[in-house]
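Order of the sequence lines sets the chain letters (A, B, ...), proteins ahead of strands, with each chain counted from 1.
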Amino acid sequence: MTLETTTAQPVPVADWVTIAGLHKDPFPIYRRMREEAPVHWVPAVGRYMVTTYESCHLIENDQETFSANETGSLMKRAMGHSMLRKDDPEHDVDRKSYGSVLRPKAIKETWNGIFEKNSATFLDRLRAAGPGADLISEYAAPYAAENLRLIMGFHNASQEDMQRWSQTMINGTGNYADDPDVWTASKKSYDEVDDAIEEVLPYLLKNPDGSLLSGLAAMPIPMEAIRANMKMTIGGGLNEPRDVIGVAAWALMENPSQLNQVKADPALFAVAFEEAVRWVAPIGMYPRETTKETVLEGIQLPQGARLGVVIGAANRDPKVFTDPESFDINREKKPHLAFGGGNHFCAGTWVARASVAGVALPRLFGGLPNLRLDPEQAAVDAGWVFRGMTSLPVTWDK
Amino acid sequence: MTKISFHHAGGAVDVLDVDPGTSIMRAAVTNGVAGIVGECGGQAMCATCHVYVRPEYLADLPAISDDEEEMLDCTADPRDAARSRLGCQVILGNGLEDLEVDVPGSQV
Ligand code: HEM
Ligand code: FES
């Protein structure tokens, strides 16, 4: 310990980082930070941002030093205290309450058929909108929302409700500016979700299905935990599949030789999916808090330090990935951190893989001949805590 | 102490003495054994702790649970009907004092 404290470096400050810069394109910023030090205090963000693969990986496997139960968490205010902000053993109880619903066997037996049906529905919608349409709003977003609605068991809501709930509560989670309008919209969704749960649970008790809420209806789990976990899952299970559909489709259309490779061998959609979430992690940063003074890769951190674990930066660490800034489905396979790791490892990993790599992308490129970027309108990617395509105009041969 | 040997392609072997109660995955990850990832921290959710158990030890292993069973169909390298296990689901000790496994070529 003495050795550690005498050799540990103080935390460097990155006062040159701005939120606007991160939002537009975080990757050159991450690169400069990673080259300087594994951790920086970033005044604009109000967190210690961790940008190396090694440090992010260390943090996710040490919940005793790096707690998910953050003090003053905006997520707790926006969504309640879900499993994502608990440590074990409390976390484990909530996590186990999801049972097998999101696991491979249920996906094969129940959800894949639903993904196929929803993909067909929204591919028709994209076709009807015609060449020049936005792939995100006509296909990726409603598809991800309708899948999640059925997986969760919200038979009394629409996919549009799911999208509104997700976005408004996520905005609350990121409301560092304390904008009252953001809180109003977030609170409205919070109440609507509570009401929807209360209404649908008795229905599901009588008409059980394979959904999360149906499983929870029959379980001795406190209502407060159910409510918080459902809100977190609405916020964590919709935008990410939407964003990886957008980013993967964009990257493939920008790289025609890789697209041709994938079209010739559809098994490669799975590789393109993993490379897309490595290249642009849909969840770019998540929080942790130190429970004690500690040294991280040689940098001294105080107790109670609010960390931003920047997996979006770790996934482009040149110590692990060769030529990390480029999208390349032919790169050497290595484990990325896009789904997190350790006890909070994404519970929806296999749902995301099956719904996006197994269905959404192959049906999209198989169903619209010569699908390509619309030369008339620019594609826009944005965000850093969450990153994806905000608009992706496409065209195809009729 | 219990003993576990990880055999790598090419013949290299990592031999570890670990406390009883440690899983194969945890033994590998805490000791930096190459080729075992363990992304999900042992929840039978990621299939990146896949190992091939050497035949002479198969009879000593615990039964495969439903969670492990479905996850064994998601491994990066092909499943071996008899020898494939998730390293996080096999705990050393309690009758399993000595074990040898082959590390697959890929976990992702
Ligand atoms: C490509 C798509 C997805 C990505 C990249 C992703 C990423 C992540 C990450 C990074 C975490 C951990 C965050 C942390 O430790 O603070 C997480 C947790 C979680 N995700 Fe996902 N996710 C995706 C899709 C989904 C889907 C489709 C669902 C639900 C159907 C889902 C449900 C969850 C849940 C419930 C947790 C909390 C797990 C826990 O706290 O134990 N995710 N996800
Ligand atoms: S560590 Fe994830 S399945 Fe074993």
Side-chain angles (χ1 to χ4, degrees), chain A residues 53-54 56-64 68 83 87-88 91-92 94-96 98-109 267 270-271 273-275 277-278 311 315 320-321 331-354 357-358, chain B residues 6 8-10 16 18-19 21-51 63-81 84-89 91 103-108:
Chain A
Y53 187 100
E54 183 177 336
C56 290
H57 188 56
L58 276 167
I59 291 170
E60 57 191 24
N61 287 296
D62 181 3
Q63 54 175 325
E64 255 131 60
M83 67 173 96
D87 299 320
D88 290 328
H91 159 267
D92 195 49
D94 283 16
R95 173 111 181 188
K96 288 216 169 80
Y98 275 28
S100 318
V101 177
L102 307 176
R103 299 183 57 97
K105 186 153 171 274
I107 291 169
K108 218 184 291 166
E109 289 173 359
V271 179
F273 171 92
E274 299 301 329
E275 174 61 356
V277 297
R278 180 204 67 85
I311 51 178
N315 274 355
V320 179
F321 302 100
R331 69 172 56 253
E332 187 193 343
K333 283 189 190 174
K334 294 263 185 78
H336 59 69
L337 303 184
F339 289 115
N343 62 333
H344 293 283
F345 179 74
C346 177
T349 304
W350 299 98
V351 167
R353 287 179 173 146
Chain B
F6 293 91
H8 301 276
L16 306 174
V18 298
D19 289 330
T22 309
S23 72
I24 299 177
M25 181 278 285
R26 193 56 69 193
V29 169
T30 48
N31 291 286
V33 174
I36 307 286
V37 183
E39 278 174 351
C40 74
Q43 305 182 76
M45 190 63 197
C46 71
T48 65
C49 60
H50 179 206
V51 293
I64 297 176
S65 70
D66 290 349
D67 281 357
E68 182 177 355
E69 174 59 40
E70 60 177 334
M71 204 51 64
L72 282 169
D73 290 333
C74 302
T75 53
D77 269 17
R79 175 177 186 172
D80 181 283
S84 280
R85 291 301 297 253
L86 295 182
C88 65
Q89 302 300 302
I91 314 289
V103 177
S106 176
Q107 297 286 3
V108 292

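When the heavy atoms of residues 22-37 of chain B are compared with those of chain A, the residues falling under 4.5 Å are B:Val37, listed by number.
Taking chain A as the reference chain and counting heavy-atom pairs below 4.5 Å, the highest number among B:Gly38, B:Cys40, B:Ala76, B:Cys46 is found for B:Cys40. Among the candidates A:Lys96, A:Arg103, A:Lys333, the residue making the largest number of heavy-atom pairs closer than 4.5 Å to chain B is A:Arg103.
Evaluation of the side-chain contact (heavy atoms from CB on, under 4.5 Å) rule for B:Glu68 yields B:Ile64, B:Ser65, B:Leu72, B:Arg85, B:Leu86, B:Gln89 as partners, not counting sequence neighbours. Residues passing the side chain to side chain donor-acceptor pair (under 3.5 Å) test with B:Asp80: none are found, sequence neighbours excluded.
Using a 4.5 Å heavy-atom threshold, the side chains of A:Trp350 and A:Leu102 count as separate.
No part of B:Asp66 comes within reach of chain A, as not one of its non-hydrogen atoms sits under 4.5 angstrom from that chain. When heavy atoms are compared at a cutoff of 4.5 Å, A:His57 does not approach chain B at all. Heavy-atom distances place the backbone of A:Lys334, and not its side chain, under 4.5 Å from chain B.
Atom CD in A:Glu275 sits 4.5 Å away from atom CZ in A:Arg331 (nearest 0.5 Å). The CE atom of B:Met71 sits 14.0 Å away from the OG atom of B:Ser84 when rounded to the nearest 0.5 Å.
With a 6.0 Å cutoff to the six-membered ring centre and a 45° limit on the axis angle, A:Arg278 counts as a cation-pi contact of A:Phe321.
For the residue pair A:Glu274 / A:His336, a side-chain donor-acceptor distance below 3.5 Å is found, with atom types taken as modelled.
The side chain to side chain donor-acceptor pair (under 3.5 Å) contacts involving residues 32-42 of chain B comprise nothing, where partners must be two or more places apart or lie in separate chains.
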